[in-house]
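Single-structure report; data block below.
Naming convention: chains lettered A, B, ... in sequence-line order (proteins, then strands); numbering from 1 in each chain.
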Amino acid sequence: MTTEAAEYFSRELLGWYRENKRILPWRMNRDPYRIWVSEVMLQQTRVDTVIPYYERFMDKFPTAAALAEAPEEEVLKCWEGLGYYSRARNLQAGAQEVVGRHDGVVPDDKEAVSALRGVGPYTTGAIMSIAFNRPEPAVDGNVMRVLSRYFCLEDDIAKPSTRVSIEKLAASLIPEGAAGDFNQALMELGALVCTPKSPGCLTCPVMAHCEGRMAGKEHILPIKTKAKPPRPEVRLAALVVGTGEHAGQILIRQRPDSGLLARMWELPHVTGPAAEAGESTGDANPKKRRRSGVKSVPVSQLAREGQMDVLCRALAKEEKMLIRPTGWWGEAEHVFSHLIWDVQVYTAEFGFVLDEAAATEETAAVALDRAAEAQAGYAVLHDIQNESTMASSQVKPGEGLPPHYRWIGPEHMMNYAFPNVFLRLLREYWETVD
DNA sequence: AAGACGGGGCT
DNA sequence: AGCCCAGTCTT
């Protein structure tokens with residue numbers, strides 16, 4: 001590759017961008033906080049998906065200070081449905097760092113920006129170049145694809161070392177005084193023209209010297225090793241329908257502080273039988289047919305009762321909460337990058353919670369042993385309940401909940417952040433109830 | 001270096 | 001229905 005071809009690339013691409021760039025909400029000005037929020041939202045997420053979230057987020061948290069002092073639940077709720085929720089928590093932590101250490105102003109300093117929570121090499125480069133016009137590379141997936149093709153680079157872009165070498169290349173291509181526009185031009189080309197499948201070479205501003213196209217390799221570039229397929233997991237969920245003072249309400253719970261979907265709300269659920277065992281679905285070839293809809297995966301009544309039993313026992317053991325499953329309600333699939341949940345939802349009635357503060361160890365142990373020993377856990381709930389209440393006044397049927405549980409009606413949905421799968425299930429449930 | 005971490009679009 | 005897209009943090 002000659003330096004002329006490199007200069008041609010930078011010049012033509014920059015010219016093309018200035019004529020063809022999209023009008024986007026984060027391109028209204030160069031407020032570094034606005035750029036930062038947009039770049040974090042745009043990680044792993046398409047522009048069209050981000051726009052409405054971005055508008056709402058900036059409306060609610062217009063400055064780093066506003067974000068820093070907001071209750072975390074509000075930030076999470078604003079992020080609901082966008083995914084990768086640690087982005088939201090890291091962004092807020094970053095805003096708090098900006099307030100605490102930089103007087104509420106995003107610093108015009110590469111090392112300081114890079115040190116902010118949730119800001120890695122890409123976002124650092126994006127903020128420094130777009131907000132401050134500093135000549136730093138901002139290499140995301142688009143940029144790796146565009147440069148791999150234009151320079152016909154056959155290194156595996158899944159390797160961290162490849163990103164580093166492409167960063168050096170990208171830095172060398174930045175035209176004097178135009179870092180922000182050039183980096184955005186690279187990404188804009190990747191999003192609009194040099195797309196992953198069927199790249200639009202015929203409308204590409206730099207087609208004439210594209211080495212990948214000239215070698216006939218534009219369709220096989222970039223080289224990227226395949227990700228491991230997600231592992232399937234059966235989840236048994238309880239749609240616990242309230243009665244009496246909780247009539248018309250459903251029991252939800254909050255997830256732990258860390259890990260998958262941290263601090264989000266959900267229907268209570270437990271791990272089901274191992275997916276490859278397959279007996280519970282009665283499917284001889286579960287791997288192939290795992291994703292099939294419920295129609296093609298008949299589940300026997302016996303298997304349903306087995307799942308209800310597992311669900312009841314696991315909730316008793318894990319949460320000290322006794323429920324009585326009453327029947328199968330529906331199924332939902334939730335695909336993550338590293339796993340697939342096959343959520344089997346059962347309606348249930350609330351039994352009682354062992355009051356840990358008041359109950360003796362012995363009382364709890366006796367009740368849980370009974371639940372574990374019972375051949376049909378849900379069926380013996382009333383036995384356990386009656387015996388326990390008789391055995392000890394410290395066990396309070398129908399009273400109390402574990403601290404991370406809530407009863408909610410449809411009007412309370414707005415107060416809790418749910419992952420999409422439970423959002424869909426709950427909305428569907430409220431619809432069918434009417 | 002590999003795994004965890006969501007959700008959506010295209011064909 | 002099966003293919004693809006992907007930054008940062010943790011381990």
Side-chain angles (χ1 to χ4, degrees), chain A residues 36-53 76 79-94 113-127 137-146 148 156-164 166-167 183 187 190-192 194-200 219-233 255-264 266 287-297 332-341 343 417-424:
Chain A
W36 177 19
V37 172
S38 75
E39 291 300 339
V40 172
M41 282 194 175
L42 287 164
Q43 291 165 9
Q44 285 82 30
T45 314
R46 294 181 142 73
V47 165
D48 290 343
T49 305
V50 165
I51 290 173
Y53 281 93
L76 207 53
W79 209 273
E80 178 185 75
L82 204 49
Y84 286 115
Y85 299 96
S86 67
R87 289 184 297 172
R89 292 183 295 143
N90 287 339
L91 182 60
Q92 187 178 30
V113 165
S114 181
L116 298 171
R117 291 289 296 172
V119 177
Y122 163 73
T123 308
T124 300
I127 293 171
V139 174
D140 70 349
N142 286 309
V143 174
M144 289 199 282
R145 184 173 59 254
V146 168
S148 291
D156 182 356
I157 65 165
K159 298 165 90 82
S161 60
T162 302
R163 200 212 72 224
V164 172
I166 290 183
E167 274 175 352
N183 284 347
M187 295 186 272
L192 299 181
C194 196
T195 49
K197 287 171 291 187
S198 60
H219 290 286
I220 66 149
L221 292 171
I223 306 293
K224 187 180 180 183
T225 54
K226 307 280 181 204
K228 259 181 52 180
R231 84 173 176 277
E233 216 177 80
R255 295 181 61 85
D257 286 348
S258 63
L260 183 66
L261 302 168
R263 298 208 264 278
M264 309 269 304
E266 65 182 7
K287 284 212 155 153
K288 278 278 186 210
R289 296 166 67 181
R290 181 114 291 287
R291 290 171 181 200
S292 308
V294 68
K295 300 173 294 298
S296 58
V297 185
E333 188 180 73
H334 196 43
V335 180
F336 302 82
S337 2
H338 58 306
L339 58 90
I340 302 180
W341 277 355
V343 186
F418 298 93
N420 268 358
V421 61
F422 294 111
L423 213 46
R424 288 197 306 268

Original post:
Can you tell me if the side-chain N/O atoms of A:Ser337 get under 4.0 Å from OP1 or OP2 in B:dG7?
Top reply: no

Original post:
Roughly how many Å is it from CG in A:Leu82 to P in B:dC5, rounded to a whole number?
Top reply: 18 Å

**OP:** Check whether any side-chain N or O of A:Lys224 sits under 4.0 Å from OP1 or OP2 of C:dA6, and answer yes or no.
**Re:** yes

Original post:
Could you state the CG-C1' distance from A:Leu423 to B:dG7, rounded to the nearest angstrom?
Top reply: 13 Å

Original post:
Given C:dA6, is OP1 or OP2 found less than 4.0 Å from the side-chain N or O atoms of A:Arg145?
Top reply: yes

**OP:** To the nearest 0.5 Å, tell me how far A:Gln44 CD sits from A:Leu82 CG.
**Re:** 10.5 Å

Subject >> Whole-angstrom distance between C:dT11 and B:dG6, as gauged at atom P >> reply: 15 Å

Original post:
Ignoring hydrogens and angles, are the base of B:dG8 and the side chain of A:Thr49 linked by a donor-acceptor pair under 3.5 Å?
Top reply: no

Original post:
Where does the angle between the aromatic ring planes of A:Phe336 and A:Trp341 fall among parallel (under 30°), tilted (30 to 60°) and perpendicular (over 60°)?
Top reply: perpendicular

Subject >> Residue whose closest nucleotide on DNA chain B lies nearer the 5' end, A:Lys159 versus A:Tyr84 >> reply: A:Lys159

**OP:** Consider only side-chain N and O atoms of A:Thr45 and A:Arg87, and report whether a donor and an acceptor are under 3.5 Å apart.
**Re:** yes

Original post:
Would one find a side-chain N or O of A:Tyr122 under 4.0 angstrom from OP1 or OP2 of C:dA6?
Top reply: no

**OP:** Give a yes/no answer on whether the side chain of A:His334 brings an N or O atom under 4.0 Å of OP1 or OP2 in B:dG7.
**Re:** yes

Original post:
At under 4.0 Å between heavy atoms, what does A:Thr123 touch on the DNA or RNA strands: base, sugar-phosphate, or nothing?
Top reply: sugar-phosphate

Original post:
Taking OP1 and OP2 of B:dC5, is either one under 4.0 Å from a side-chain nitrogen or oxygen of A:His338?
Top reply: yes

Original post:
Considering heavy-atom distances to DNA chain B, does A:Ser161 or A:Arg424 have its closest nucleotide positioned more toward the 5' end?
Top reply: A:Ser161

Original post:
Is the shortest side-chain N/O distance from A:Asn90 to OP1 or OP2 of C:dG7 below 4.0 Å?
Top reply: no

**OP:** Assign each of A:Gln43 and A:Lys226 to its nearest nucleotide of DNA chain C by heavy atoms, then name whichever residue's nucleotide is nearer the 5' end.
**Re:** A:Lys226

**OP:** In whole angstrom, give me the gap between the C1' atoms of B:dG8 and C:dC9.
**Re:** 23 Å

Original post:
Is A:Leu339 touching bases, backbone alone, or none of the nucleic acid, heavy atoms closer than 4.0 Å?
Top reply: nothing

Original post:
Atom CZ of A:Arg163 and atom P of C:dA6: how far apart are they, to the nearest Å?
Top reply: 14 Å

**OP:** May I ask you to check whether A:Gln43 and A:Tyr122 show a side-chain donor-acceptor distance below 3.5 Å?
**Re:** no

Original post:
Has the side chain of A:Gln44 got a donor or acceptor that lies under 3.5 Å from a partner of the other kind on the base of B:dG6?
Top reply: no

Original post:
Can you tell me how far P in B:dC5 sits from the matching atom in C:dC3, rounded to whole Å?
Top reply: 24 Å

Original post:
Expressed as a whole number of Å, how far does the P atom of B:dT11 sit from that of C:dA6?
Top reply: 16 Å

**OP:** Answer with yes or no whether the side chains of A:Thr162 and A:Asp156 bring together a donor and an acceptor at under 3.5 Å.
**Re:** no

Original post:
Reckon A:Val40 touches a base, only the sugar-phosphate, or nothing at all at heavy-atom distances under 4.0 Å?
Top reply: nothing

**OP:** Write down the distance between CE (A:Met41) and P (C:dT8), rounded to a whole number of angstrom.
**Re:** 16 Å

Original post:
Atom CD of A:Glu333 and atom P of B:dG7: how far apart are they, to the nearest Å?
Top reply: 13 Å

Original post:
Using a cut-off of less than 4.0 Å, is there contact between a side-chain N or O of A:Lys197 and OP1 or OP2 of C:dC5?
Top reply: no

Original post:
How is A:Asp140 classified with respect to the nucleic acid when contacts are heavy atoms under 4.0 Å: base, sugar-phosphate, or nothing?
Top reply: sugar-phosphate

Original post:
Could you give the CE-to-P distance, from A:Met264 to B:dA4, as a whole number of Å?
Top reply: 20 Å

Subject >> Length of the CG-P vector between A:Leu260 and B:dG3, whole Å >> reply: 17 Å

**OP:** With rounding to the nearest 0.5 Å, note down the distance linking CH2 in A:Trp79 to CG in A:Leu91.
**Re:** 5.5 Å

Original post:
When the distance from CZ of A:Phe422 to C1' of B:dG7 is rounded to whole Å, what number comes out?
Top reply: 15 Å

Original post:
So does A:Arg117 get a side-chain nitrogen or oxygen closer than 4.0 Å to the phosphate oxygens (OP1/OP2) of C:dT10?
Top reply: yes

**OP:** Starting from the 5' end of DNA chain C, give me the residue, A:Arg46 or A:Pro121, whose nearest nucleotide shows up first.
**Re:** A:Arg46

Original post:
Do the side-chain N and O atoms of A:Arg145 and A:Asn142 include a donor-acceptor pair separated by under 3.5 angstrom?
Top reply: yes

